[in-house]
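Letters A, B, ... mirror the listed sequences (proteins, then strands); counts begin at 1. Only a predicted model underlies this, so the values are computations on that prediction, with no experimental measurement involved.
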Amino acid sequence: MGSILRRCDTSRTLVLAALIAFATYGIARAETPAPASAPVCQGCHGLHGEGNGAAAIPRLAGQSAEYLRKQLEDYASGDRANPVMQNLAKPLTHADIEALATYFSTAEAPHTMNPSTANSAQLDLGHRLANQGSEIKRVQACNSCHGPDGIGVPQAAPYLAGQSAEYLTSALTSFQQRTRKDDPGGLMTSIAGQLDASDIAAAAAYFASLPSNAP
Amino acid sequence: MTQRLKEVDVVVIGVGMVGSIVAKELAAAGYKVVGLERGEARFTVPQFQSPAIHDELRFDIRKALMQDNTREAVTFRNQSSETALPIRRWESFLPGTGLGGSMVHWNGQTYRFQANDFELATRTRARYGSKFLDPDVTIQDWGVTYDDLEPHYDRFEYLLGTSGKAGNIKGKIVPGGDPHESPRSREYPTPPQKEHYSGAMFRRAASSLGYHPFPQPSSNLSQPYTNPEGVKLNACVFCGFCERYACEHFAKSVPQTIILPVLLANPNFELRTGCQVQRINLDSTRKKAKGVTYIDAAGREFEQPASLVITSSFALNNVRMLLLSRIGTPYDPTTAKGVVGRNYAYQTMSSVASFFDEDVFINPFMASGASGTIINDFAGDNFDHSGLGFIGGSFIGAVNTNGRPIQYHPVPPGTPSWGKGWKDAVIKHYNHTVMFSLHGSSVSTRQNYLDLDPTYKDAWGQPLLRMTFDFPQNDLKMAAHVTAKAVEIGKAMGAKEVAGSPRKGPYTTTQYQTTHNTGGTVMGGDPSTSVVNRYLQSWDVPNVFVIGASAYPQNASWNPTNTLGALTYWAIDAIKHKYLKNPGRLVSA
């Protein structure tokens, strides 16, 4: 053992030490190792679930495990319509889903979403919808359920902060068009049904502009 | 210096549930209506939003949405022989204030009364004989029947979008609903809310004992709904912050979510908030109202002339308005003469706590204000009272409305009241206890009444309302009887320990019971025992209508709100189609 180390130069030793330190640093959040089924997810969602904004592929890193689990089940069943995700989710076993949900919920990923290109009027409307809701549109504040600044409430609601604006727009639209029918009590369907396209764009842009949970 | 304003057609005193509906109907019919509300304007956005609204200390303990009793309180005593003192802290009942009134923070429990209740005196005598009742009990018939009110109950429930399961449609008993209910013309507008786990346990146990459980009718909606006024409500999310709180989700049926958008959009209606009505002004004959006098938030006094005055404030405040305006003869308990303030009643509340092992999870915090499972087998006159020595009854239900951290601490009898022993018990039992609500009727008596206090005044210098009330023996006997029955249901649920708490006297204002204060401006067919006729029109002053639970001659086994909604539509029908076409007395004395 000692002879191997003596053959390494100092910088490599330091890198090795740093890697060990980095691996142990995450113990507080305990990023679990990626399961065997992960590569097919990582191909689009990124190694640690950082997502791809322009392609409307959502960030998964640090998302509520219960939410991730439910979405995989809903894609598989068709309650959430998406041909690509349905093909990928259907073959997964319960154990696969459990492992993937655990992995991505503990994953740490840098923030990769594009900075918001929204104008200040949009951000202002989004901020109001998020914090107050709209009397005229009969919608409650998004943050009522999605948590302060949209950071999410695990088990109850996914985080929205730092999520892809393109993805959030498509998610709200799919509730509005009822291609996504997996919301408990039809709550998101009801809310999205009361918003128009500019409301959706404003809410999406606002949440995208908020800091994500990147370390 | 009082400023006299331009005359309008109608003044509505109090823009709560009743005021909102009345004003909307009259404004829509083309009349110029002014609504005077002493509280603030408030709306779902932003005033009802989270996280601010989920503040138990502010809303539950400090009663943020309630009437400010440093400016206007009620004095209280049990007997006429005592001196009444001001209630410094609302506990037993919690009068609301503000636009939308108390409905903003109600629990949404939406029951109809039964046919028997509206003719209680006649039917009790017929069934049990005229000697059955204690001579001090002064129950009366209402002057309207359930059949008169049925279409108006229906209209009100469809306005709210109430979630429930009918038990009797046009005489045909429907499984899954309450077989004791009086016939309704159709199903509820939305299906029942999801059943709580404690409700499912209750349902199984109650059925096993031969009772008839059904889902509590709830105006916290089970699904999105657009009412006939075109106003939309969302589905309840079971957040457990219903009573004493406003709903951020547009899911509780309150004036803001069922009718105010329509009312406020009508240019015939003008809302004035921060306006404390001092009295209804009468002309020199004292048989005609000229309008009202009010003081605004800046302390300026105004006279608002009007052809028609409708007092639609909280029941207690309706009574006070008539007393301050000197409309009708005040009731005197020593002579039993007079009518204003007579037949004040309340609600007789008992409870049962069933304690389970730690492997039974109740999750009380997942709740709406009305997510319960109920039986009416011991309510009203649904059971034979022969030989029992009382009339009336309670609905019994596993009614789980919240598991809030400051107030919800069920512990078994014998638990220390504080310290480590108490804390250990709270931890042990918090998530493993089922609370039953036993919601009981309240008969009126000669000795329970309302009048003006001789000593204490409000912030505007006017005498406070004085309440003289104690539980009649009739109601205490009823409470003991139904509590014993409810304890058996707890045992049938398999609880380790069941503790019954039947209501005991004397009545105290320091423990929360309900805000179901009724009577004082009773409706009826006889002016010597009622203040308003069957259309809620004052016998003394025909252009004054008094619409509130103050009209109830006694209180039944269920929450009063739905019946008040029905009476409101019934009265407004008479006002629009009879009174305004030909102003004058609708019923000859």
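The contact between F43(B) and chain A is made by backbone and side chain atoms together, counting heavy-atom distances below 4.5 Å. Looking at P51(B), neither its backbone nor its side chain comes within 4.5 Å of chain A, counting heavy atoms on both sides. At a 4.5 Å heavy-atom cutoff, the contact between E248(B) and chain A is made by backbone and side-chain atoms alike.
Remark: H111(A) engages no residue in a ring pair (Phe, Tyr, Trp, His ring centres under 6.0 Å) (not counting sequence neighbours).
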Side-chain donor-acceptor distances from residues 149-160 of chain A under 3.5 Å, at least two apart:
from, atom 1, to, atom 2, distance (Å)
Y159(A), OH, A61(A), O, 2.6

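Put simply, the side chain of H48(A) reaches to within 4.5 Å of the side chain of Y103(A), judged on heavy atoms.
Close approach to chain B, defined as a heavy atom under 4.5 Å from one of its heavy atoms, is seen in S190(A), Q194(A) of residues 188-203 of chain A, taken by number. For residues 256-266 of chain B, a heavy-atom distance under 4.5 Å to chain A picks out Q256(B), T257(B), P261(B), given by residue number.
Distance alone, capped at 3.5 Å, places no donor-acceptor pair between the D74(A) side chain and the D79(A) backbone. A donor-acceptor pair is defined here as one N or O able to donate and one able to accept, closer than 3.5 Å; such a pair exists between the side chain of T112(A) and the backbone of E50(A).
Ring to ring, Y430(B) and Y408(B) are close: their centroids are under 6.0 angstrom apart. The ring of F241(B) has its center closer than 6.0 angstrom to the ring center of H54(B). Note: Y206(A) and H127(A) meet the aromatic proximity criterion, with ring centroids under 6.0 Å apart.
One finds a salt bridge joining E98(A) and R69(A) here, because a Lys/Arg side-chain nitrogen approaches an Asp/Glu carboxylate oxygen to under 4.0 Å.
Summarising the geometry of S212(A) relative to G162(A), their closest heavy-atom pair is CB-CA, 3.8 Å, with the distance given to 0.1 Å. Between M366(B) and N400(B), the shortest heavy-atom contact is O-ND2, 4.1 Å.
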